[in-house]
Number of protein chains: 2
Amino acid sequence: MADPPSRADAIRNRARILAAAAEVFDTHGTSASTEEVARTAGVAVGTVFRHFPTKADLLTALMKDLRERLAARAAVLAEEGDGTALFTFFAEVVEYAAGARTVVHLLAADIGVDRQVAALGMEVLLARAEEAGTVRAGVRADEVTALLAAACHGALSGGWTPDLRRRTVARLLDGLRP
Amino acid sequence: MADPPSRADAIRNRARILAAAAEVFDTHGTSASTEEVARTAGVAVGTVFRHFPTKADLLTALMKDLRERLAARAAVLAEEGDGTALFTFFAEVVEYAAGARTVVHLLAADIGVDRQVAALGMEVLLARAEEAGTVRAGVRADEVTALLAAACHGALSGGWTPDLRRRTVARLLDGLRP
DNA sequence: TGACAAGATGAGTGGTGACTCATAATTTAG
DNA sequence: CTAAATTATGAGTCACCACTCATCTTGTCA
């Protein structure tokens, strides 16, 4: 499985499995069974395990995808936005996380904060905010990432209402402002 | 099992099981097996299930205990402390949570934020802080509890170093100050 | 102390979920 | 179109875990 599949149906199935996994894990959490992923993809279990020898491998592929999407979004905001881009990004991710459980998994321990910081492009956003003077002096990127991870965790498993979520995120961001 | 056990050894075993469960679940999380709890308690599995017919019952008993301890601590701080008692309590709970996984379980969805607020005595601490003017106007108890839950989650599964944990909590509390 | 009830024991049950593999079905190159 | 290689299938294996129960042990009380 080191090499990418060559046959057309194999490529199609790989994509289907990834899409199904994203849906299933976002909805039911990463404890959902591989069998359910296979069912959702319209494929047999063996096929899932052919493409991803381990459930962890499937998760990893999913995380890579998600990390890239978040990094891309951060890059866009850093490019277009002003000093508030950092806050916009933060709020957006939490809103997204509230409906998609895999984000939390991405931000969890096994990925490592340092790599997260780099991957998410948080440093660039923070630098922009510092230039614009919209962020308190001395705030570091790993703190912001940690706060983001905490907020995502809370929003997901804390059973927060949308209203409470927004108020809480606002309080959180208040702590970053001058 | 509705009535408490009457025999001396049964009472002793019940206490042992609770202590073992606290240790095991704090260390390995609530997914640790009942068998391991029994082993740690020096007791057979059947004995655990005699005292707590369900793993959930065991967890519930543990949560009740923990909630009471936290509430008691909050009460003491509210009594003795000044306007900063809220912040002290917050920081203490996060520090404790960093080494004991069950706190997160307590603060999670199935307990409900409203009951948490009341049970933790967060309202009293918040009122004290308001009187003293150490807290920003408009901050509500459920927001503080939500932030606390988020911080505990992050501290546990985010793999934060002690240093990052303290800095992050400080940022978080900054958002609550005037 | 004797005897009965309350409690303890731990192999066993049922269910679940990750992962395998012999076989069948497709794809594709020649 | 056909053969060889690649991929798909899904029943089966293995391990784990919550929970049960027939049997044995121990505390208690007369």
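Every chain is numbered from 1 and lettered A, B, ... according to where its sequence line falls, protein lines coming before strand lines.
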Could you tell me whether [X] and [Y] make a salt bridge, using a distance below 4.0 angstrom between a side-chain N and a carboxylate O?
X        : Y        : answer
B:Asp9   : B:Arg12  : no
B:Glu68  : B:Lys64  : yes
A:Arg167 : B:Asp142 : yes

Applying side chain to side chain donor-acceptor pair (under 3.5 Å), name anything that partners A:Arg73, two or more places apart in sequence or on another chain.
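Partners of A:Arg73 under the side chain to side chain donor-acceptor pair (under 3.5 Å) test: A:Glu92.
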Could you list the protein-to-nucleotides 28-30 of chain D atom pairs, N/O on both sides, closer than 3.5 Å?
residue, atom, partner, partner atom, Å
D:dT28, OP1, B:Ala8, N, 3.3

Between C:dG7 and B:His51, is there an OP1 or OP2 to side-chain N/O distance shorter than 4.0 Å?
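It does not, given that no N or O in the side chain of B:His51 lies less than 4.0 Å from OP1 or OP2 of C:dG7.
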Run the numbers on A:Asp82 and A:Thr84 for side chain to side chain donor-acceptor pair (under 3.5 Å), then give the verdict.
CA-CA 5 Å; A:Asp82 53 0; A:Thr84 66; 2.7 Å; yes
Of the nucleotides D:dA18, C:dT9, C:dA11, which has the atom closest to the B:Phe49 side chain?
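Nearest listed nucleotide: D:dA18.
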Residue-level proximity of residues 10-43 of chain A to DNA chain C when a heavy atom falls under 4.0 Å:
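DNA chain C contact set from residues 10-43 of chain A: A:Ala32, A:Ser33, A:Thr34.
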Between [N] ([atom2]) and [X] ([atom1]): distance, integer Å:
X       : N      : atom1 : atom2 : value
B:Arg50 : C:dA6  : CZ    : P     : 9 Å
A:Phe52 : C:dA18 : CZ    : C1'   : 16 Å
B:Lys55 : D:dT20 : NZ    : P     : 15 Å

Should B:Met63 and B:Leu70 be regarded as members of a common hydrophobic cluster, given that ILVMFWY residues are connected when their side-chain heavy atoms come within less than 4.5 Å of each other, either directly or indirectly?
yes
Checking side-chain polar atoms at under 3.5 Å, does B:Asn13 have a donor or acceptor matched by the opposite partner on B:Thr47?
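Looking only at side-chain atoms, B:Thr47 and B:Asn13 do not form any donor-acceptor pair under 3.5 Å.
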Are the side chains of A:Arg165 and A:Thr168 in touch, meaning some heavy atoms are under 4.5 Å apart?
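Not in contact.
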Residue pair B:Thr54/A:Thr47 against DNA chain D: nearer the 5' end by closest nucleotide is A:Thr47
